[in-house]
Amino acid sequence: MAAKPLSGKTMFISGASRGIGLAIAKRAAADGANVALIAKTAEPHPKLEGTVYTAAEEIEEAGGQALPIVGDIRDGDSVTAAVAQAVERFGGIDICVNNASAINLGSVEEVPLKRFDLMNGIQVRGTYAVSQACIPHMKGRENPHILTLSPPIRLEQQWLTPTAYMMAKFGMTLCALGIAEELRDEGIASNTLWPRTMVATAAVQNLLGGDEAMARARKPEVYSDAAYAIVTRPAREFTGQSLLCEDVLLDSGVTDLSVYDCVPGSDLGVDLWVDTPNPPGYSAP
């Protein structure tokens, strides 16, 4: 049997104690990958499932090796120490996934500076810090990828609000695209990935409409399968792109996106910075 593409590879991922980040980690683990995950959740949260430790257990059950690290990606020293732990344990880093994110959809009059700082600290500073710390340990690896979970930058009027969240998410994308150009000659890929639809996560459940919104969402696997498709592509040939999950899946050979629907046949909710739930021309078989 041929070796799986991520067998023995090492992924460093931020904020993977639940949801999309955990799904991406488990998809890599199914190949036999090593996963170092840094997250703040050491103790159970009343509204959020999972901790960094329960996530590590799920990763190992999926077939990988896990290194759970409690840390704050806004703290440079915390990030440097976490990456050093991962390298000491696994010998290097092949894939860096910038997943950690905070959300507040309030207007400029509603979002206090403390919350603005939190979102931009996690999204922009955190993406920069994690990428910066991982890069030296990715040079010379066989197929190194940085993947940042952020949207395509859309400057039409309807996509410029809410201001604080827009700035934070676009900041992640700008960081990723800048890194792609800086590292192009090194052969380290840097791309962004975003879903066309809402994805069933705690944020959707708690902030975007509860059970009704969840029924109009796709499963986290729409994100994890797309992420897997990206990080298994040749890094030197596939970099500097802002990608949408569903487009990546169709391009990689998936023919029926409806398998990802939480409720078959539901009217899918379209995510921010996206016009339609499916790529042009797609219709379910």
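Numbers here are sequence positions counted from 1.
- In this structure, V79 is a member of the same hydrophobic cluster as I93, with clusters built from ILVMFWY side-chain heavy atoms closer than 4.5 Å.
- Residues R196 and D271 fail the side-chain proximity criterion, which asks for heavy atoms closer than 4.5 Å.
- Side-chain contact between P162 and S107: absent, with no pair of heavy atoms (C-beta onward) separated by less than 4.5 Å.
- Here the shortest heavy-atom pairing between A226 and V248 reads O-CG1, 3.7 Å.
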Residue pair S258, D256: steps toward the side chain to side chain donor-acceptor pair (under 3.5 Å) verdict: CA-CA 5 Å; S258 68; D256 184 6; 2.5 Å; yes

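- A donor atom on one side chain and an acceptor atom on the other are not found under 3.5 Å apart for T148 and N191.
- A continuous path of Ile, Leu, Val, Met, Phe, Trp and Tyr side chains, each step under 4.5 Å between heavy atoms, connects I20 with V222, placing both in one hydrophobic cluster.
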Worked check of side chain to side chain contact (heavy atoms under 4.5 Å, CB included) between I95 and T10: CA-CA 6 Å; I95 303 162; T10 297; over 6 Å; no

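- Cluster membership for W159 and V124, using ILVMFWY side-chain heavy atoms within less than 4.5 angstrom, is not shared.
- The closest donor-acceptor contact from the side chain of T54 to the backbone of T51 lies under 3.5 Å.
- Ion pairing between R154 and E156 holds under the 4.0 Å rule for side-chain N and carboxylate O.
- Among all heavy-atom pairs drawn from V83 and C134, the shortest one is CG2-SG, 4.0 Å.
- Checking side-chain atoms of S266 against main-chain N and O of L268 turns up no donor-acceptor pair under 3.5 Å.
- In terms of modelled atom types and a separation under 3.5 Å, the side chain of T173 and the main chain of P152 share no donor-acceptor contact.
- Residues M119 and N104 form a side-chain contact, since some pair of their non-hydrogen atoms from C-beta on lies under 4.5 Å apart.
- Between Y223 and W194, the distance separating the two ring centers is not shorter than 6.0 angstrom.
- Of all heavy-atom pairs between A235 and N143, the closest is N-OD1, 2.7 Å.
- With salt bridges taken as basic N to acidic carboxylate O contacts below 4.0 Å, none links K219 and D225.
- Put simply, the side chain of T161 does not reach to within 4.5 Å of the side chain of M166, judged on heavy atoms.
- Criterion: ILVMFWY side-chain heavy atoms under 4.5 Å apart, direct or through other members. Under it, L243 and L272 are part of a common hydrophobic cluster.
- Atom-to-atom distance recorded for C245:SG and E221:CD is 11.5 Å, nearest 0.5 angstrom.
- Sparse packing is recorded around OH of Y128, with 12 or fewer heavy atoms of other residues, nucleotides or ligands lying under 6.0 Å away.
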Worked verdict on R233 versus D251 for salt bridge (Lys or Arg N to Asp or Glu O under 4.0 Å): CA-CA 12 Å; R233 291 191 181 186; D251 192 49; 3.0 Å; yes

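- Taking the ring centre of Y260 as origin, the terminal cationic atom of R218 falls outside the region bounded by 6.0 Å and 45° from the ring axis.
- The CD1 atom of I179 lies 13.0 Å from the CD atom of E186; values are rounded to the nearest 0.5 Å.
- In this structure, the side chains of I38 and S78 come closer than 4.5 Å at one or more pairs of heavy atoms.
- Closest heavy-atom contact between L147 and A227: CD2-CB, 3.6 Å.
- Remark: side-chain polar atoms of S14 are paired, donor with acceptor, to backbone N or O of N99 under 3.5 angstrom.
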Check against side chain to side chain donor-acceptor pair (under 3.5 Å), S101 and K169: CA-CA 8 Å; S101 199; K169 295 306 290 191; 3.1 Å; yes

Step-by-step side chain to side chain donor-acceptor pair (under 3.5 Å) determination, T239 to R184: CA-CA 8 Å; T239 188; R184 196 175 280 276; 5.3 Å; no

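- The two residues V111 and A164 have their closest heavy-atom pair at CG1-CB, 4.1 Å.
- Under a 3.5 Å cut-off, the side chain of R74 and the backbone N or O of G126 do not form any donor-acceptor pair.
- Note: N120 CG to M172 CE = 11.0 Å, rounded to the nearest 0.5 Å.
- Taking CE of M138 as the start and OG of S190 as the end, the distance is 8.5 Å to the nearest 0.5 Å.
- Contact check for L22 versus I59: side-chain heavy atoms found under the 4.5 Å cut-off.
- Across every non-hydrogen atom of A39 and A16, the tightest pair is CB-N, 4.3 Å.
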Stepwise side chain to side chain contact (heavy atoms under 4.5 Å, CB included) check, L6 with Y228: CA-CA 9 Å; L6 299 188; Y228 180 87; 3.8 Å; yes

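- Taken together through direct or relayed side-chain contacts under 4.5 Å among Ile, Leu, Val, Met, Phe, Trp and Tyr, L37 and F12 form parts of separate hydrophobic clusters.
- Under a 3.5 Å cut-off, the side chain of R115 and the backbone N or O of I103 do form a donor-acceptor pair.
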Side chain to side chain contact (heavy atoms under 4.5 Å, CB included) between L257 and L249, worked out: CA-CA 8 Å; L257 294 174; L249 291 169; 4.2 Å; yes

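- N98 has its side chain within reach of I146: a pair of non-hydrogen atoms, C-beta onward, lies under 4.5 Å apart.
- The residues E142 and K9 are annotated as salt-bridged, a charged nitrogen and a carboxylate oxygen being separated by less than 4.0 angstrom.
- Without hydrogens or angle criteria, E60 side chain to Q65 main chain gives no donor-acceptor distance under 3.5 Å.
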Evaluation steps, side chain to side chain contact (heavy atoms under 4.5 Å, CB included), between Y282 and E246: CA-CA 10 Å; Y282 168 78; E246 289 80 355; over 6 Å; no

S242 and T192: CA distance, side-chain angles, deciding distance, side chain to side chain donor-acceptor pair (under 3.5 Å) verdict: CA-CA 5 Å; S242 290; T192 73; 3.2 Å; yes

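- The CG atom of D94 sits 4.0 Å away from the CZ atom of R141 when rounded to the nearest 0.5 Å.
- Listed for the D31 side chain is no donor-acceptor partner under 3.5 Å among the backbone atoms of A33.
- The OG atom of S17 sits 11.5 Å away from atom OH of Y53, with the distance rounded to the nearest 0.5 Å.
- Side-chain contact between L67 and V35 is absent, with no heavy atoms from C-beta onward closer than 4.5 Å.
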